[in-house]
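Here is the structure we will look at, set down as C-alpha cells.
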Amino acid sequence: MAISDYIPVIGLEIHSELLTTSKVFCTCSAEFGGEKNTRCCPVCSGLPGTLPVINRRAVEFAIKAGYALNCGINKFSVWDRKNYFYPDLPKAYQISELNLPICLAGEVPIEYEENGEKKSKVIRINHIHLEEDAGKLVHDDLNGVSLCDYNRCGVPLVEIVTEPDMRSPEEARTLVETIALLLQYAGVSDCKMEEGSIRADVNISLMRKDATEFGTRAEIKNVNSLKSIYRTIEYEIKRQAQILDRGGTIVQETRRFDANKGETKSMRTKEDAHDYKYFPDPDIKQVNLRDEDLERLRAELPEMPRERTAKYIGFGIPEKEAKIIVSDKVISDFFEEALKVYNEPKSLVNFINGEILRRINLGEIDKTNTKYTAAEVAKLVQMADTEKVSKNDAKEIFREMAEKGGDPETIAKDRGMLIVTDTGKVLEVIEQVIASNEKAVGQYVGGDVKVFGFLMGQCSKALRGAATPKVIKEELEKKLAALK
Ligand code: ADP
Ligand code: MG
Ligand code: ZN
C-alpha cells in the first residue's frame, strides 16, 4: 500500500514551564539557568520531614492557560504522587494531578497552509494538569558518570493533553506553535523551546483509510523543537507504514527522537511500562476555587492573538501583515508601544515588517535586546512620513539606532540628513535658477511643460537638505505661473 492509504492519527502531550518567580512547592527561584544546584532547598530536593506549600501563582497561571485554550476549569482539583525511581527526581515521586486536573476539555483553533491551500481546524484539548518539573541529568561519557542538577526540580509546569485530532505533521507543528503563542500572550509561559520551557510527547498511530478504529500508537518522548516534532511524525509515518505493509503489527512503545539521525528509537515497550502507583498526596491541600477568583483571572487575561489580529485589520492593515506582527508577541507589543507615540498603524507596520523584522530574520538584530525603543522608532517613522528625512535616510538612521542607539532626530542632524525647510532660501534659489536658465523658463512659459523637470532638478540640487521635494515643487510652480 502507498503511504497515502494510511491516515496518521496524532495526539500531543505538551509540557510548558510556568513563568512564576518561585517554584511550585517552595520559595526557590524558578528562573532558568543559575550555577548548578544553587536553586534548591530541602523541599525541592526531597529531604524527609519537609512539607510542600502550594504556590498560588502557579495555580492561577494554570487556570489562565486553561482560559487561553478555552478549557473548563475544575473548581476542585487534587494533587497526586506519581511514583517512579530515577535520579532526576530526588523524592522518588513527582507531584502531579491524575483524576481531578485543574483544567478540563478545551478547544484550540488552528490555521495553516498545506500545498498552497489555506486550512483551518479545531483541535480538542482533553485536559490540562499542573505538575512539578524534574531535575536535569548531565551524562559525562568520558568519565563514565552522570551528574544531577536539581535547579529545575520543582519548577511548575502544565501538561496539555490533546485528543488524537491531528492528521499531519503540519497540523501538529501548527498546534504547538499556536499554543505557545497563546500561553505567551496569556503571560503564563515564555515557551522558549531552546530553554526547554516547552516540549511535547508525540503519540502517533496509522489507520487504513477504510478502518473504523485507531491503530496502535507509539509515543515519542520529549521532542523539543517545532522542527523535530515535524520530522518525528514524518519519520514515524514511514516507519509504521513499512511495518503495516509487510503485514506486521505496531508495538505500543515509548520511543525517542534522535535529531542528528532524524530517526526514532525504541526506549521501552508496554511490558516494561512503569506502574506509577498514583495516590493523592496527603501533604498537600486540595485546591478549592471560588467563582470570584475564576472571574478575576479570566478578566486579567490580556488581549489575545485573535483579538489583536482583528484590531489590526480594523486599522486597515492587510490580514497577512497583521498576522505576521501578531505571530510574534515581542514584535506585537513593540508595535503597540510605537502606536502610543505615533498613531499611524500602516506606516509603522510597513517599517516594522519591511525593515525591522527583515533585519531580525537576517540575524542582524536581537529582538529581545535592542538599543532602540519603540518610541524612538515611532519618531523616526513620523519623521519620514512628514518628509523631515528621506525614506532611504530613515533606513540608514535606523541602522545606527540598532547598532549604537540614539535619538533619530539627533542622528539625522549629525549626519546632515535632516531636511529643514528654509522658505527664504527656497525662494532665493528658485529666483537664481530662473534667472540663469532663461531659455528653459521661456520654453516652459511658452507651454512646454516638459522642461519643468529640468528646472526642478536644478533647484533640488542647490537645496539638498534644505527643503522637501514637495515644497520646492509648489514654490517653483507658483513662481513660474507668475511669469506667464
Ligand atoms: P497515556 O495516559 O497512556 O499516555 P492517554 O490516553 O492519556 O494515554 O493519551 C495520551 C495521548 O495519546 C493523548 O494526546 C491522546 O490524544 C493520544 N492518543 C491516544 N490514542 C492514540 C492513538 N491511537 N493514536 C495516536 N494518539 C493517540
Ligand atoms: Mg502519556
Ligand atoms: Zn526549593
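This is a predicted model, so every value here is computed, not measured. Along the sequence shown, the residues carry numbers beginning at 1. Whatever order the structure lists them in is the order used to number ligands and atoms, beginning at 1.
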Exercise. How would you list all residue pairs meeting side chain to side chain donor-acceptor pair (under 3.5 Å) that involve residues 66-83, not counting sequence neighbours?
Worked result: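 Residue pairs passing side chain to side chain donor-acceptor pair (under 3.5 Å), neighbours aside: Lys75-Asp291, Arg81-Tyr93, Arg81-Asp281, Arg81-Asp283.
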Interfacing atoms of ligand 1 (cut-off 4.0 Å, heavy-atom, [X]):
| X | answer |
| --- | --- |
| Leu12 | 14 (O) |
| Glu163 | 16 (O) |
| Ser205 | 22 (C), 23 (N), 24 (N), 25 (C) |
| Glu13 | 4 (O), 10 (C), 11 (C) |
| Val9 | 24 (N), 25 (C) |

For this session: Report the part of Val161 in contact with ligand 1, treating N, CA, C, O as backbone and CB onward as side chain, heavy atoms under 4.0 Å; options are side chain, backbone, both, neither.
Result: side chain
Problem set entry | Side chain, backbone, both or neither: Thr216 near ligand 1, heavy atoms under 4.0 Å | neither
Seminar exercise, completed: Among Met166, Glu219, Arg217, closest by heavy atom to atom 8 (O) of ligand 1 is Arg217
Problem set entry | Side-chain donor/acceptor of Asp201 to backbone N/O of Asn222, under 3.5 Å | yes
Problem set entry | Backbone N/O of Arg57 and side chain of Asn55: donor-acceptor pair under 3.5 Å | yes
Exercise. Is there at least one pair of N or O atoms, one from Gly215 and one from ligand 1, spaced under 3.5 Å apart?
Worked result: yes
Problem set entry | Contact (N/O only, under 3.5 Å) between Pro164 and ligand 1 |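 Yes - when backbone and side-chain N and O of Pro164 are compared with those of ligand 1, one distance drops under 3.5 Å.
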Problem set entry | Residue pair Pro8 / Leu206: nearest heavy atoms and the distance that separates them |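 Where Pro8 meets Leu206 most closely, the heavy atoms are CA-CD2, 3.7 Å.
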Problem set entry | Heavy-atom pair of closest approach, residues Asp165 and Glu171 | O-OE1, 3.9 Å
Exercise. So Lys323 and Glu319, salt bridge (charged side-chain N to carboxylate O under 4.0 Å, His left out) or not? Walk me through it.
Worked result: CA-CA 6 Å; Lys323 282 187 172 163; Glu319 184 179 341; 2.9 Å; yes
For this session: Using a 4.5 Å cut-off on heavy atoms from C-beta on, say whether the side chain of Val377 contacts that of Met401.
Result: yes
For this session: Can you sort out the partners of Arg152 under salt bridge (charged side-chain N to carboxylate O under 4.0 Å, His left out), two or more places apart, ordered by chain and number?
Result: Glu17
Problem set entry | Distance flag, aromatic centroids of Tyr312 and Phe335, threshold under 6.0 Å | yes
Exercise. Listed by chain and number, what are the ring-ring contact (aromatic ring centres under 6.0 Å, His included) partners of Tyr112, not counting sequence neighbours?
Worked result: none
Problem set entry | Donor on one side chain, acceptor on other, Thr368 and Asp366, under 3.5 Å |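 Note: Thr368 and Asp366 side chains meet the donor-acceptor criterion.
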Exercise. How about the Zn ion (ligand 3), which protein N, O or S atoms come within less than 2.8 Å?
Worked result: Cys26 SG, Cys28 SG, Cys41 SG, Cys44 SG
